[in-house]
Amino acid sequence: MPSNADAAELFRSIADLLDLLGEKFKPEAYRRAARSIESLTEDLAAVAARHELRAIPGVGEAIAEKTEEYLRTGTVQYYERLKREIPAGLVELMRLPGLGPKTARRFWVELGIEGPKELTDAIAAGRLDGVKGFGDKKIDQIRTALAAAKSGGAATRRPLEEVFPVARSLVNALRAGAPADRVELAGSFRRARESVGDLDILVTSKEPTKVFDVFTAQPEVAEVKMRGETKETVLLKGGLQVDLRVVEPDEFGAALQYFTGSKDHNVRLRSLARDRGLKVNEYGVFRGEERVAGATEEEVYASLGLSWIPPELREDRGEIDLAAKGKVPSLVSAGDVHGDLHVHLPADAGTSDAETVVRDARRRNYSFLGVVVAGVDASGTAWALSEELRSHLSASGGLNPRLYFGVETAPGPLPKGLDAVAHDYRILRPSAGTVGPGESEPPGAPSSVPTVIAHVGASETAALLRWVEEARKSSAAFDLGPGPERLDSTGGRLVREAGLSVHLATGVGRPPDDPTGEVALGFARRAGMPPEKVWNVRLPGALSSARSAPRKSPSAGSSDPPRSPSSTRRRSA
DNA sequence: GCCGTTTTCGGCCCGACTGTTTTCAGTCG
């Protein structure tokens, strides 16, 4: 059964071929459908089975039919026909930087060139010399692009956490060293997309040239690709592209909105503006010649009758309708995070020692910390770690943050002897990473112990769905944050739609430039998570209100975390 | 090809930049 990603790729391929045919609007229609399908929180086949394909934004009659054909037969005749009609090499030519569908098509129609190899030969043979539209510079540019493509330097999207450090460093450098009033990141970085293709930095300044000079002098910058009056594009040493734009202060909000995107969100916004006799561009919102908004994003949205929309939600998934009704959900924010329930210490699998973790937790003003021990034979380790951390706390001015203990365990009942230690909460860990049909059953999660389901990625929707079903029974939360072993925002969205909670990775105890916490928070916001569904904000009920009620072993009393005198007892059923 | 609490037809973002141009086409974001 083809995955959603397979279907999205198919429609993107169709779009590329239609581009080469010179189609004007169809390619974008197919790409929009592809984006939409990719961001679904369930399998396309399930949607198709309910006959609801056309409810997917951007999917109409024609694309719904092709989707059904694809699900049924594994291919689409329309696509097969296009492939027969258009040489595959043309798509490669079209993707070369500086070339597009028009030029690729001209090579094919006018010169019989069907791919990179033939184009390279044609240039070497001087066949492009004197052809209208191809001067020396253009030919040089194409030659360079062909060579670069051959050596495999294709630009790829990178994980958000990977670009975070360099993004922050560039912004800090501009804020410190350039004659700029405001410096902000826009684009998919600001929307906290899981991957970013490039960075967009927006600056207000009266001296663009000086800003560009400071920027270009940064050690990370390898090459200036382009510099105009208001815009500079550079490549960093790792190959990441960064666009820097300078705008006027009273245009800043409009520009920030515009360059934050997403494309689909902006398209929807502009059509809304058109309906109201307004025009939106990166300089402001206009009624005729008159500018009615532009200095701030709030004013841009307000001029269109909308409340401000958090960047992480700007994907045209219904957020504009919500903003029109003033019902944009309030999202968890940095100030809401008061703790972390998934901390490993070095004696276990952690990298930061107890002292560092405690210091960082206090710096962050955390009120609770959960230390986790992995493995089934870790009873002794758990005791040792709990004592270590507790002694650090008491030696450094009291028992704040409050401590909790957890055991990271494979699916199934807790091993004997550990129930005493793990009476507060536990982290479940599927041994094979995911549980799929035919594999071991999802865990019989305990009913009264707060459980975080960790080390489950979102790549297998079907497996995640089984975990969600299991989590429902016990109101467990899912670990969310960067990396393949946590849920990303799409998984988070699925969890939110199921009415369940998440636990955010915070990176507490990690070095100051570690992006884990910010990225996890971004993903959670992107998933539409309100603070009340995030366990880092407030402990789940069983921990916060029934901590003094031992469930299994009264002998564990001596290892209980410090109790608040005011905590109330709650007996679990 | 998709879409519509003003439309089932006629729209679909639009400006910066480059290169090849003498006023513009193509690409990019």
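Proteins get letters first, then strands, A, B, ... in listed order; numbering begins at 1 in each.
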Between [atom2] of [N] and [atom1] of [X], the distance in whole Å:
X       : N       : atom1 : atom2 : value
E65(A)  : dG1(B)  : CD    : P     : 10 Å
K102(A) : dG19(B) : NZ    : C1'   : 16 Å
F107(A) : dT27(B) : CZ    : P     : 10 Å
F134(A) : dC24(B) : CZ    : P     : 20 Å
I56(A)  : dG1(B)  : CD1   : P     : 17 Å
L53(A)  : dG1(B)  : CG    : P     : 16 Å
K26(A)  : dG1(B)  : NZ    : C1'   : 7 Å

Using a heavy-atom cut-off of under 4.0 Å over every strand shown, decide if [X] touches base, sugar-phosphate, or nothing.
X       : answer
R95(A)  : nothing
L99(A)  : sugar-phosphate
P27(A)  : nothing
V280(A) : nothing
T233(A) : nothing
E28(A)  : nothing
D264(A) : nothing
N266(A) : nothing
K279(A) : sugar-phosphate
I142(A) : nothing
K225(A) : nothing
Q141(A) : nothing

At less than 4.0 Å, is any side-chain N or O atom of [X] found next to OP1 or OP2 of [N]? Yes or no.
X       : N       : result
Y78(A)  : dG1(B)  : yes
T103(A) : dT27(B) : yes
Y283(A) : dA16(B) : yes
Q241(A) : dC28(B) : no

Selection from [options] that lies nearest to any side-chain heavy atom of [X]:
X       : options                   : value
T230(A) : dT27(B), dC2(B), dA16(B)  : dA16(B)
I63(A)  : dT20(B), dA16(B), dG1(B)  : dG1(B)
N281(A) : dG15(B), dC13(B), dG29(B) : dG15(B)
A29(A)  : dG15(B), dG26(B), dG1(B)  : dG1(B)
D275(A) : dC2(B), dT7(B), dG19(B)   : dT7(B)
K66(A)  : dT20(B), dG1(B), dC12(B)  : dG1(B)
K137(A) : dG19(B), dC17(B), dG26(B) : dG19(B)
P101(A) : dG19(B), dG1(B), dT27(B)  : dT27(B)

Between R175(A) (side chain only) and V183(A) (backbone N and O only), is there a donor and an acceptor less than 3.5 Å apart? yes
Any donor-acceptor pair under 3.5 Å linking the side chain of N4(A) with the backbone of E42(A)? yes
Could you tell me whether [X] and [Y] make a salt bridge, using a distance below 4.0 angstrom between a side-chain N and a carboxylate O?
X       : Y       : answer
D264(A) : R32(A)  : yes
R35(A)  : D316(A) : no
R526(A) : D488(A) : no
R245(A) : D200(A) : yes

Re dG26(B): Watson-Crick or G-U wobble partner, both distances kept under 3.5 Å, found to be dC17(B)
Paired with D19(A), the salt bridge (charged side-chain N to carboxylate O under 4.0 Å, His left out) test is passed by just one of R95(A), R12(A), R31(A), K24(A), namely R31(A)
I'd like to check, for F25(A), whether its ring lies over the base of dC2(B) with centroids under 5.5 Å apart and a plane angle smaller than 30°. no
For E194(A) and S489(A), test the side chains for any donor-to-acceptor distance below 3.5 angstrom and give the result as yes or no. yes
For dA25(B) and dT21(B), measure between their C1' atoms and round to the nearest Å. 9 Å
